[in-house]
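First the structure, in the form of structure tokens, and then the observations on it.
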Amino acid sequence: MTLRLLPRATRALAALWLFAAAAEPADACGPSWEPPIAVFDGFPYRVPQPGERRGHRERTLWAVANARLSLPEPENAWDAHRRAWERYQSRAQALESASGTSIAPYRSLKRYHYGGYDPCRTNALPAVESFLDALEASPSLPAKRRAELLSLRHQMANESCGSQDAGAALAARLREAKTGADPETREFVTYLAGAHAFYTADYAVAEAEFRSLAGSEHPWLVDAGPYMLARTQLVAAQVKWPFRYRDPEAVQAENERLRNEGLRAAREAFEDYLERRPEGRYAHSARGLRRFLHRRLAEEDELIGELAALYGQLRRAAVPASERRDRVQEILRYYRAPEAIPYETPFLLLTSLLKDAEPERYSLASLGRRRAAYEATPGLLDYAQALLLHLSERTESVAALPAAELGDGVFAIAATSLRARALEKLERFAEASALWRSLLPGAERPDVRLFLQVRLVDNALRRGDRLQPFANGEVSLDPELAKRLFLAVLSRAELESLLERSPTPDALRELAQHALLHRLFVEGHFADFLEVYARTADPGHFAEVETAARSLAADPADAKGLLNAGYFLQLRRISPDVWVPDSLREHLRPIPDPRQPFDYYEAVIEARRDATPSEVEAKALHYAIRCFAPGFRGDGCIWRGLEEERRKSAEWFARLHRKYAGSKWAERTPYYY
């Protein structure tokens with residue numbers, strides 16, 4: 001069935017459903033797009049003002065990073081981990097078959113998500129895989145010996161991490177495995193003993209074991225031994241030091257001194273590893289941990305140099321694809337421009353510019369001289385120049401910028417948007433409106449079109465005629481946006497005026513009728529509601545409540561009508577609060593004195609206090625008590641705070657179980673809240 005075969009209001013609802021179904025959900029792992037309705041004011045068309053979310057700034061930078069670095073799309077992390085785990089299982093089974101030796105199963109499909117730098121998070125599949133790589137690269141070891149060593153590594157991964165008591169049995173088996181072992185096997189067992197001590201927080205033993213591997217010639221142990229030694233020193237430096245003095249300030253100062261000494265020693269250990277193994281297996285991790293240490297030690301200059309070098313590695317694709325998004329995120333969080341501002345590196349320039357409290361440090365002329373560095377991303381230089389002027393609060397200069405070559409560059413659109421906002425700030429609304437409209441033809445992405453529609457509506461409302469964007473279809477509004485604006489921005493009088501205008505397009509007239517029905521019902525004006533209802537071709541879900549409205553229009557105290565009206569509001573989630581973009585909040589027309597579902601339930605309960613038992617009263621008691629339930633159960637019932645004297649959950653609970661003992665409504669209400 002096509003949409004054209006449905007009634008008009010049903011078509012609007014179907015279009016809304018299709019729009020919502022097509023929106024991609026936000027992904028916590030990276031900068032994937034949120035549903036368009038959630039990014040009206042955002043990325044990258046304007047710069048957030050003080051106090052606004054940092055996320056809008058980061059979306060701008062993510063766009064530059066994607067344009068410059070071709071970041072891979074993030075895959076489902078759990079699915080990827082499961083596939084890797086299954087591949088590993090087949091490798092381990094192959095070794096078990098070849099050796100004829102039973103290997104302790106590696107059961108852990110879990111993925112660690114510890115915060116900060118917790119050593120346990122690395123006692124997982126990648127570390128186990130790396131150890132199997134080393135065994136497979138050791139042909140001089142018999143298959144049976146490789147199987148025995150892998151079995152020990154599996155036991156380490158399976159047992160709980162961080163407890164010396166839990167690992168005592170495995171520690172004993174490792175000591176036994178060293179006895180009489182050949183030199184190569186002994187080195188592998190030494191590594192396992194060090195790793196086991198590391199994961200069970202016995203850092204002195206771990207450091208001694210890893211130091212004893214200094215003379216190893218095995219290619220994997222040459223990498224793994226020094227790297228794990230540095231990691232051990234890093235974690236040990238962050239362990240709380242024992243209480244030494246009675247003076248708390250002296251204790252804190254001494255602990256800080258000891259911590260920093262340990263962190264500096266760990267940094268030197270990572271630097272020693274990188275000097276010896278600049279392209280080693282763990283070089284990327286070692287550099288990342290060194291950057292972590294620069295942050296902890298407040299070594300700002302070193303950190304800036306490391307982050308700039310990291311960006312260079314990203315540009316050269318010298319960072320594994322799986323790590324690129326995390327490394328970009330690290331730059332976003334910690335990069336600050338040194339005195340030598342990186343005008344020739346757009347990503348670093350914008351990162352520092354959006355975080356710097358002193359935009360006067362930056363020079364428009366210096367930025368212009370690096371034009372060639374920006375040519376690969378259309379509109380990026382125009383955006384950077386407009387951004388610098390915007391942050392410097394040079395509104396007239398932003399408004400006077402020449403028009404950007406739009407093409408299909410999202411940053412050219414962003415630069416033009418900053419110009420239009422500057423014109424509006426100068427109250428040159430007609431010029432700003434023309435700029436917003438100039439962007440619409442090339443705005444193919446849904447979030448861009450929604451952003452532009454919001455700006456055009458805001459512009460028209462600021463010009464003074466609140467009905468202009470709606471009356472003649474001046475702005476072709478998305479159904480979801482139109483629905484929100486009609487409900488939130490237009491008052492009852494404005495909606496009625498809009499319905500009286502003959503040029504109003506049918507689709508907008510239908511939305512206006514639904515918005516007016518919404519307002520009238522929430523206000524409790526049932527006679528007026530029925531009058532508009534009679535003129536509405538397809539009233540949608542309001543058809544469910546026509547009978548209740550007629551009962552209440554005839555008798556405002558009708559118990560059944562009150563109960564049904566409250567339940568309808570709660571079931572359909574109809575409330576006076578409609579979310580709109582922040583930039584339109586000043587235009588809101590709130591609904592005066594709205595009646596919430598709880599008000600209706602309470603009215604029934606009070607009216608029936610001394611009456612004979614009835615199904616209506618039992619239902620009202622049940623729903624009113626549930627209004628106080630925590631979480632989602634009471635959601636949509638109470639819109640605003642209640643005075644203490646109206647919180648009668650316990651009293652109503654007693655009344656329900658006394659007056660309606662054994663009824664289904666009493667059975668469905670085993671608690672009060």
Side-chain angles (χ1 to χ4, degrees), residues 92 95 99 101 103-104 106 119-120 122-159 161-237 265-266 268-270 272-273 276-277 280-283 285-286 289:
L95 175 58
S99 65
T101 302
I103 298 177
Y106 174 45
C120 291
T122 60
N123 187 21
L125 180 60
V128 179
E129 278 188 303
S130 179
F131 189 74
L132 179 54
D133 291 343
L135 294 176
E136 290 177 342
S138 305
S140 57
L141 277 177
K144 181 179 179 180
R145 187 70 66 203
R146 294 200 299 270
E148 291 170 348
L149 290 168
L150 185 61
S151 186
L152 290 170
R153 185 62 184 90
H154 283 182
Q155 292 173 52
M156 187 194 309
N158 289 333
E159 68 184 24
C161 187
S163 168
Q164 293 185 31
D165 293 337
L170 179 57
R173 285 195 292 274
L174 289 168
R175 287 193 297 272
E176 182 181 342
K178 281 187 182 182
T179 305
D182 61 90
E184 188 174 15
T185 300
R186 186 178 180 83
E187 285 186 348
F188 273 105
V189 176
T190 297
Y191 170 81
L192 289 175
H196 181 255
F198 174 81
Y199 289 128
T200 54
D202 194 349
Y203 301 120
V205 171
E207 186 170 343
E209 296 284 9
F210 291 132
R211 284 191 187 280
S212 70
L213 292 172
S216 174
E217 296 182 358
H218 191 284
W220 185 78
L221 292 173
V222 166
D223 256 345
Y227 170 73
M228 288 301 296
L229 174 61
R231 281 189 64 197
T232 301
Q233 292 176 286
L234 169 58
V235 178
E268 290 170 3
F270 282 117
D272 179 67
Y273 170 84
R276 295 171 180 269
R277 307 286 295 174
R281 173 187 285 262
Y282 301 104
S285 177
L289 291 170

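Keep in mind the model is a prediction, meaning the values are calculated, not measured.
Inter-residue side-chain proximity for R153 and L135 is flagged as unmet; no heavy-atom pair is nearer than 4.5 Å. Side-chain contact between F131 and L192 is present, with at least one heavy-atom pair separated by less than 4.5 Å. Q155 places none of its side-chain heavy atoms less than 4.5 Å from the side chain of N158. Side-chain contact between S138 and F188 is present, with at least one heavy-atom pair separated by less than 4.5 Å. Side-chain atoms of Y227 and L289, non-hydrogen and from C-beta on, do get closer than 4.5 Å to each other.
Distance check: D223 CG to S130 OG gives 9.0 Å after rounding to the nearest 0.5 Å. Here R211 contributes atom CZ and L229 contributes atom CG; the two are 5.0 Å apart, rounded to the nearest 0.5 Å. Interatomic distance, H196 NE2 to E209 CD, rounded to the nearest 0.5 Å: 11.5 Å. Remark: K144 NZ to L149 CG distance equals 12.5 Å, nearest 0.5 Å. Rounding to the nearest 0.5 angstrom, the gap separating the OH atom in Y199 from the CG atom in N123 is 4.5 Å. The line from CD of E217 to CD of E184 is 11.0 Å long, rounded to the nearest 0.5 Å.
Side-chain atoms of R231 and T122 form a donor-acceptor pair, as typed in the model, at a separation below 3.5 Å.
Ring geometry, Y203 versus F198: the interplanar angle exceeds 60°, so the pair is classed perpendicular (tilted spans 30 to 60°).
Ion pairing between a basic and an acidic side chain is recognised when a charged N comes within 4.0 Å of a carboxylate O; E148 and R145 show such pairing.
Side chain of Y106 to backbone of V128: no donor-acceptor contact under 3.5 angstrom is found. At least one donor-acceptor pair under 3.5 Å links the side chain of R146 to the backbone N or O of L141. Between the T190 side chain and the R186 main chain, a donor and an acceptor come within less than 3.5 Å of each other. Proximity of a side-chain donor or acceptor of T232 to a complementary backbone N or O of M228 within less than 3.5 Å is detected.
The two residues A92 and L132 make their nearest non-hydrogen contact at N-CD2, 4.4 Å. Shown here for A147 and S99, the closest heavy-atom pair between the two residues is CB-OG, 3.4 Å. Shortest non-hydrogen contact noted between A230 and A269 is CB-CB, 3.6 Å. Across all non-hydrogen atoms, the minimal contact from L213 to G225 is CD1-CA, 4.3 Å. In terms of heavy atoms, G194 sits closest to A206 at O-CB, 3.5 Å. What you find for A197 and V205 is that their closest heavy atoms are CB-CG1, 3.8 Å.
Counted within 6.0 Å of CD on E136, heavy atoms from surrounding residues, nucleotides or ligands total more than 12; the atom is thus considered enclosed.
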